[in-house]
Amino acid sequence: MRLLPAIRRPFQGICVMVPTYRGEFEPPMIEEGQEQEYLKQLLVSDRTATDKALTLMYHNMR
């Protein structure tokens, strides 16, 4: 199956396993409540808009 942008993949919900030197790595499940709290705290902080945007981008890439 060829993956195209903007097309939903049929295998949603399947756990992604990443091979590493230490064996398989399974990313932890994301806690929605923790993410909402993190975002609220980030938005009310006294950081610049650019710093907030970059912080959020790097947080989402983890």
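If you're wondering where the values come from, they're calculated on a predicted model, not measured in any experiment.
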Exercise for review: Locate the shortest heavy-atom distance separating Thr55 from Arg47; write the atom from each residue and the value.
Suggested key: OG1-NH1, 2.8 Å
**Study point:** Leu39 CG to Lys52 NZ distance, which is reported to the nearest 0.5 Å
**Key:** 10.0 Å
**Study point:** Nearest non-hydrogen partners of Glu35 and Ile30, listed with the distance
**Key:** CG-CG2, 3.3 Å
Review point. Is it the case that one hydrophobic cluster holds both Met57 and Leu42, taking links as side-chain heavy atoms less than 4.5 Å apart, direct or via other members?
Key: no
Review point. Cluster question for you: counting only ILVMFWY and a side-chain heavy-atom cut-off of under 4.5 Å, with indirect links fine, are Leu56 and Met61 together?
Key: no
**Study point:** Qualifying residues under salt bridge (charged side-chain N to carboxylate O under 4.0 Å, His left out), relative to Glu37, sequence neighbours excluded
**Key:** none
